[in-house]
Amino acid sequence: MDRRKFINLGGLGVTSFTLSSFVPQQNIKGPLVVSTWDAGIAANAGAWTILGSGGKALDAVEKGVMVTEDEMNCCVGLGANPDRDGFVTLDASIMDHEFNCGSVAFLERIKHPISVARRVMEKTPHVMLVGEGAQQFALEQGFKLESGELSKDAKNAYKNWLKNSEYKPVINIERKNAISQLDPNKMAPHKLATGEWNHDTIGMIALDSFGNLSGSCTTSGAGFKMRGRIGDSPVIGAGLYVDNEVGAVVATGQGEDVIRVAGSSAVVEQMRQGKSPTEACKIIVERINRIKKEKAKDIQICFIAINKKGEFGAYSLHKGFNYAVHNKEGNKLYESTSLD
Ligand code: ASP
């Protein structure tokens with residue numbers, strides 16, 4: 001019980017949140033929105049402006065993650081860490097309740113990759129556009145070309161990284177004690193008092209009051225990655241998957257190892273076999289752990305999932321993953337259970 005924290009977030013349209021590893025398996029249907037990391041609290045509040053007034057899950061998951069993309073000093077979007085050549089490159093995907101999906105990858109200088117992904121889904125015969133072509137499409141659709149200048153935090157982080165120029169996977173965790181330091185007026189992880197973020201993604205899944213599911217995922221990918229590297233987030237079936245008969249799943253962590261097992265789709269298949277969201281996530285995390293063997297200690301993998309009944313769950317390879325859940329009862333932060 002001493003891990004439970006109650007903080008007043010009135011200024012953000014959030015009445016309270018709880019950090020708890022206890023997940024009540026409620027049997028309430030939607031609306032419900034679940035998203036990754038503590039940035040999910042502010043993103044959920046954005047999504048709830050749509051879901052809470054009877055709107056569609058698809059609109060909610062786009063609007064929700066745009067809150068995080070908007071943050072110029074955040075771990076997601078244009079303010080995030082660059083690749084090893086000093087450029088921020090963004091990946092995003094979106095999927096609705098009818099198997100419509102769209103994604104963009106290696107997209108530069110566009111503020112809202114999630115909205116470009118939605119346009120790919122709605123305005124093209126394709127699922128995925130990358131690089132120059134994705135940017136050209138965004139400009140044709142009226143998106144603005146941003147300057148491409150790194151944010152202050154990213155400039156400093158890049159300068160530090162250049163000292164050794166070494167690319168290593170990092171274990172994505174919310175910073176030590178970060179939760180207890182949360183300032184109610186400063187919810188995004190980058191705004192916490194100390195240290196740097198070490199995760200780069202927000203994933204969001206939602207069930208609306210029509211009983212429909214949708215999901216979204218947006219990321220700057222792994223910081224200091226090779227130029228052209230694309231992770232799991234824009235890969236439908238890996239970083240995100242939605243099957244409206246079963247459930248919705250999104251991943252965060254080491255993208256390469258999520259792609260290897262078609263992670264989000266694999267979690268959905270476990271739910272189809274009758275597993276709860278948490279059990280389904282656990283089975284796929286364990287599978288990745290077996291595949292990676294001793295190298296599993298160097299990476300983080302996390303999934304969040306919801307099913308048609310409005311049950312939610314999460315599981316991660318290592319401790320330190322948290323996720324935000326907004327339903328009619330409020331907007332709460334949960335600590336994920338993990339393999340270690
Ligand atoms: N999954 C993302 C990627 O590999 C990174 C993250 O979740 O932080 O690109």
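Indexing begins at 1, ligand by ligand and atom by atom, following the structure's order.
Taking the six-membered ring for Trp and thresholds of 30 and 60 degrees, Phe312 and Tyr334 have ring planes inclined between 30 and 60 degrees apart.
Within ligand 1, the atoms closer than 4.0 Å to a non-hydrogen atom of Thr252 are 6 (C), 7 (O), 8 (O), numbered from 1 in the order shown. Atoms of ligand 1 lying under 4.0 Å from any heavy atom of Ala222, numbered from 1 in the order shown and given with element: 9 (O). Taking every heavy atom of Gly231 and a limit of under 4.0 angstrom, the matching atoms of ligand 1 come to 9 (O). Set against the non-hydrogen atoms of Gly221, the atoms of ligand 1 under 4.0 Å away are 9 (O). Here is the list of ligand 1 atoms found below 4.0 Å of a heavy atom in Gly253: 1 (N), 2 (C), 3 (C), 4 (O), 5 (C), 6 (C), 7 (O).
The residue from Thr201, Ile299, Asp200 that puts a heavy atom closest to atom 5 (C) of ligand 1 is Thr201. Between atom 9 (O) of ligand 1 and the options Arg229, Lys225, Gln300, the minimum heavy-atom separation is to Arg229. Among Thr219, Ile259, Asp232, the residue whose heavy atom lies closest to atom 1 (N) of ligand 1 is Asp232.
Residue-environment remark: CD (Glu140) exceeds the threshold of 12 foreign heavy atoms within 6.0 Å. Applying the 6.0 Å contact sphere to CD of Glu149 captures no more than 12 heavy atoms from other residues, nucleotides or ligands. In the displayed structure, Glu146 atom CD is contacted under 6.0 Å by more than 12 heavy atoms of other residues, nucleotides or ligands.
Taking a cutoff of 4.0 Å between a charged side-chain nitrogen and a carboxylate oxygen, Lys56 and Asp59 do not qualify as a salt bridge. Salt-bridge check for Arg272 with Glu269: passed, with a basic side-chain N closer than 4.0 Å to an acidic carboxylate O.
Distances from ligand 1 to the non-hydrogen atoms of Glu256 include no value under 4.0 Å.
Ligand 1 has an N or O atom lying under 3.5 Å from an N or O atom of Gly255, backbone or side chain.
Of all non-hydrogen atoms in Ser209 and Gly54, the two that sit nearest each other are OG-CA, 3.7 Å.
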